[in-house]
Amino acid sequence: MIFSRDSKAKGRTRETLKRELINHPWNLTLPRAAALQSELASHVRLTPLKEPSVIVAGADIAESAGQVFAAVVVMDSSSGKVIEISRSHAFARFSAIAGYLAFRHGPIILKAIHQLDHTPELFFFAGHGVCHPRFLGLAAHLGLRMDRASIGCSSERLVGHYDLPGPKRGDHTVVRFSPQAPGAVLRTQPGINPLFVSPGHKIDLMGAISETLRLSTKFRFPEPLRRAHIEAGRYMREFRDNARITEPKKQSPR
DNA sequence: GCGACAG
DNA sequence: ATCTTGTCGC
């Protein structure tokens, strides 16, 4: 237990301690972050999704010069319409180390999510779910924190070995790593590189695959994630343009 | 020392 | 992830 040596832990109920564990601070040392991931991973539940989610969200990041720009796009999957967008930015307080992205992006994404008026049933995150060295990628971490269903979608492998899936939309293979860390390589569009999909929290691999497929009918990434990616980039660019007008130090080279 | 390494 | 114009293609 990470916080068991804390004298303040005396007299707390089991549930209270669990909440404190899940609502941990983000500015940890690398070894403490790793230990926390391992402990939190035991609380992740890869349970089947009851039914396809209606209100879904995608969260992605753009960054420049140490600043992280997060965008969350909420969509009504029955109509395919965007119903809300939230953004947040801050200087990164954790290094960009593979396996620890949640500590760099997590707090900023969460701030944007907390600003939402809507309550999405399912979140897509740019990164991995439980297919992670310590079974707790960003999507699993944030899903657990919010106690909401979540899926990780990445364009690159983090752990394990795999064979490429067939060429048809929906073709997929499974990542060989650990039974505790299911993941798939999923072809969402013919002729387009596959996606690495893994369940985050409150969903299983089958659900992660079917929901990702259901929401990516035209592009490589599921629509909420694709929109969030575009929105984060736009947010970052707006911020840059404002800074350039206010502070005209940097001019483009001839 | 060398290769691996989400965004 | 970002640095970056025009350009090829549906």
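If you're wondering where the values come from, they're calculated on a predicted model, not measured in any experiment. Order of the sequence lines sets the chain letters (A, B, ...), proteins ahead of strands, with each chain counted from 1.
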Sub-6.0 Å ring centroid separation between Phe177(A) and His161(A): no

Rounded distance in Å - CG (Leu136(A)) to P (dA6(B)): 16 Å

Nearest listed nucleotide, side chain of His105(A), among dC3(C), dA6(B), dG7(B): dG7(B)

Sugar-phosphate, base or nothing in reach of Ala126(A), heavy atoms under 4.0 Å: sugar-phosphate

Lys/Arg cation over aromatic Phe219(A): Arg226(A), 6.0 Å, 45° cone: yes

Distance-only criterion, 3.5 Å: show the donor-acceptor pairs between side-chain atoms of residues 50-60 of chain A and protein atoms not counting sequence neighbours.
residue, atom, partner, partner atom, Å
Asp60(A), OD2, His229(A), ND1, 2.6

Closest approach of Ala140(A) to His201(A) (non-hydrogen atoms, all atoms of both residues): O-CB, 4.3 Å

Length of the CD1-C1' vector between Ile97(A) and dG7(B), whole Å: 13 Å

Per Leu158(A) side chain, nearest of listed nucleotides dG7(B), dA6(B), dC3(C): dA6(B)

Pairing annotation in dot-bracket form, given for DNA chain C with Watson-Crick or G-U pairs under 3.5 Å and | for cross-strand partners: ..........

Protein-nucleotide distance (Phe94(A), atom CZ; dG7(B), atom P), rounded to Å: 17 Å

His141(A)/His24(A) aromatic ring centres below 6.0 Å: yes

For atom CG of Asp60(A) and atom C1' of dG7(B), their distance in whole Å: 8 Å

Nearest heavy-atom neighbours spanning Pro199(A) and Pro182(A): CD-O, 3.5 Å

Touch class at under 4.0 angstrom, heavy-atom based, for Gly99(A) against every strand present: base

Interatomic distance, Ile192(A) CD1 vs dG9(C) C1' [rounded to whole Å]: 13 Å

Sugar-phosphate only, base, or nothing, as touched by Glu156(A) at under 4.0 Å among non-hydrogen atoms: sugar-phosphate

Sugar-phosphate, base or nothing in reach of Ala65(A), heavy atoms under 4.0 Å: nothing

Euclidean distance, atom CZ of residue Arg237(A) to atom P of dT4(C) [Å, nearest integer]: 11 Å

Sugar-phosphate only, base, or nothing, as touched by Phe196(A) at under 4.0 Å among non-hydrogen atoms: nothing

Flag, side chain of Glu84(A) to backbone of His118(A), donor-acceptor distance under 3.5 Å: yes

Under 4.0 angstrom between Ser155(A) side-chain N/O and dA6(B) OP1 or OP2: no

Separation of dG7(B) P from His128(A) NE2 (nearest whole Å): 7 Å

Nucleic acid contacts of residues 210-217 of chain A, taken as heavy-atom distances under 4.0 Å to DNA chain B: none

Atom-to-atom span, CD of Gln37(A) to C1' of dA6(B) - whole angstrom: 12 Å

Electrostatic pair Glu63(A):Arg104(A) at N-O distance under 4.0 angstrom: yes

Where Ser198(A) and Ala208(A) come nearest, the two heavy atoms and their spacing: C-CB, 4.3 Å

Pair Glu223(A) + Arg227(A): basic N to acidic O under 4.0 Å: yes

